[in-house]
Amino acid sequence: MTTDDKNNAKNDKSNDKNTLRVGEDDKELADRLDKELTAFNSDATGAYDEQELSVRVTDEDGELVGGLTGFTWGGLGSIHMLWVREDARRDGWGSRLMRAAEEEMRRRGCDRAMVSSFTFQAPDFYQRLGYEETARLPGIPGGNQDVFFFKKL
C-alpha cells in the first residue's frame, strides 16, 4: 500500500461517522448555508449590513402581478429574480419594479447594482435600464448563455 493509499484509507475511515445525503429542496440546509456564508463573508469584508430585498405588485383582487427579490450588502444591490405575469408584461411593471428596487438600494446606501439574465429572458431590458454587460457564461440549455450586468446607482 502506498502512502497515498494509506492517507485515502485513513480519510475514508475518519468519515465513516458522517452521512452524505443527496436530495432536492432542503430549506433547512439552504438557511444554514446562507447563515454560515453570510457570517464568513461579513467577517472577510467587514460589511455586516446584508438585508433581503423584495418588491411586489398586486392587482385589485390581491393577485400577484409581478415581483422582484434580491439583497443589499456592503453598498451593492443584487437582483436575484424578477417576474411579471404574462398579461401585464407590456404595462411597464418590470421597469417600475426595478426603479423601486434601485430606489430602496440607494436608501440603504448602495452605489452599485448587479443582475443576471439568460439570453432567452431579458438582457435587452436590463441594458435599456442602464445596466452594462460584464460577462457571459455559456452552457445554459438550448445553447443559451447567462449574461451578467452591473450598474452604478
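Remember, predicted model here, so these are calculated numbers, not experimental data.
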> How many angstroms lie between atom CD of E102 and atom CG of L153, to the nearest 0.5 angstrom?
Replying inline: 5.5 Å
> Do NZ/NE/NH1/NH2 and the carboxylate oxygens of E63 and R85 come within less than 4.0 Å?
Replying inline: no
> Between S117 and Q121, what is the shortest heavy-atom contact and its length?
Replying inline: OG-CB, 3.4 Å
>> Any non-hydrogen side-chain atom of M114 less than 4.5 Å from a side-chain atom of F148?
In response: no
>> Nearest 0.5 Å, please: how far is NZ in K35 from CG in L33?
In response: 12.0 Å
> Can you check whether L64's main-chain N or O pairs, donor with acceptor, with T58's side chain at less than 3.5 Å?
Replying inline: no
>> If I compare all heavy atoms of C110 with all of G77, which pair ends up nearest, and what's the gap?
In response: SG-N, 3.8 Å
> Looking only at heavy atoms, what is the nearest atom pair of G74 and A47, with distance?
Replying inline: CA-CB, 3.8 Å
>> Show the nearest heavy-atom pair for residues L97 and G67, with the distance to one decimal.
In response: CD1-N, 3.7 Å
>> Please check if the number of heavy atoms outside E36 that lie under 6.0 Å from its CD is greater than 12.
In response: yes
>> Just so I know, are the side chains of F118 and V147 near enough to count as touching, which here means a heavy-atom distance under 4.5 Å?
In response: no
> Quick one: does N41's side chain get under 4.5 Å of W73's, heavy atoms only?
Replying inline: yes
> Between CG of D146 and OG of S116, what distance do you get to the nearest 0.5 Å?
Replying inline: 4.0 Å
> Any side-chain heavy atom of T119 sitting closer than 4.5 Å to one from I140?
Replying inline: no
> About how many Å separate CE of M105 and CG of D111, when rounded to the nearest 0.5 Å?
Replying inline: 11.5 Å
> In the single-linkage hydrophobic clustering (I, L, V, M, F, W, Y; side-chain heavy atoms under 4.5 Å), do L82 and F71 co-cluster?
Replying inline: no
> Would you say I79 and M98 make side-chain contact, with heavy atoms under 4.5 Å?
Replying inline: yes
> Does CZ in R56 sit with more than 12 non-hydrogen atoms of other residues, nucleotides or ligands closer than 6.0 Å?
Replying inline: no
> Mind checking whether Y131 and Y126 have parallel, tilted or perpendicular rings, split at 30° and 60°?
Replying inline: perpendicular
> Within a reach of under 6.0 Å around CZ of R112, are more than 12 heavy atoms found that belong to other residues, nucleotides or ligands?
Replying inline: yes
> From Y48 OH over to D43 CG, what is the distance, rounded to the nearest 0.5 angstrom?
Replying inline: 4.0 Å
> Should the pair E104-R108 be classified as a salt bridge under the 4.0 Å nitrogen-to-oxygen rule?
Replying inline: yes
> Of all heavy-atom pairs between A100 and V55, which one has the smallest distance, and what is that distance?
Replying inline: CB-CG1, 4.0 Å
>> Working to the nearest 0.5 angstrom, can you tell me the gap between F149 CZ and E133 CD?
In response: 5.5 Å
>> Using a strict threshold of under 4.0 Å (side-chain N to carboxylate O), is an ion pair present between D31 and K27?
In response: yes
> Which heavy-atom pair separates G75 from D49 by the least distance, and what is that distance?
Replying inline: N-OD2, 4.4 Å
> Is there a path from F150 to F125 through hydrophobic residues (I, L, V, M, F, W, Y) whose side chains come within less than 4.5 Å of each other?
Replying inline: no
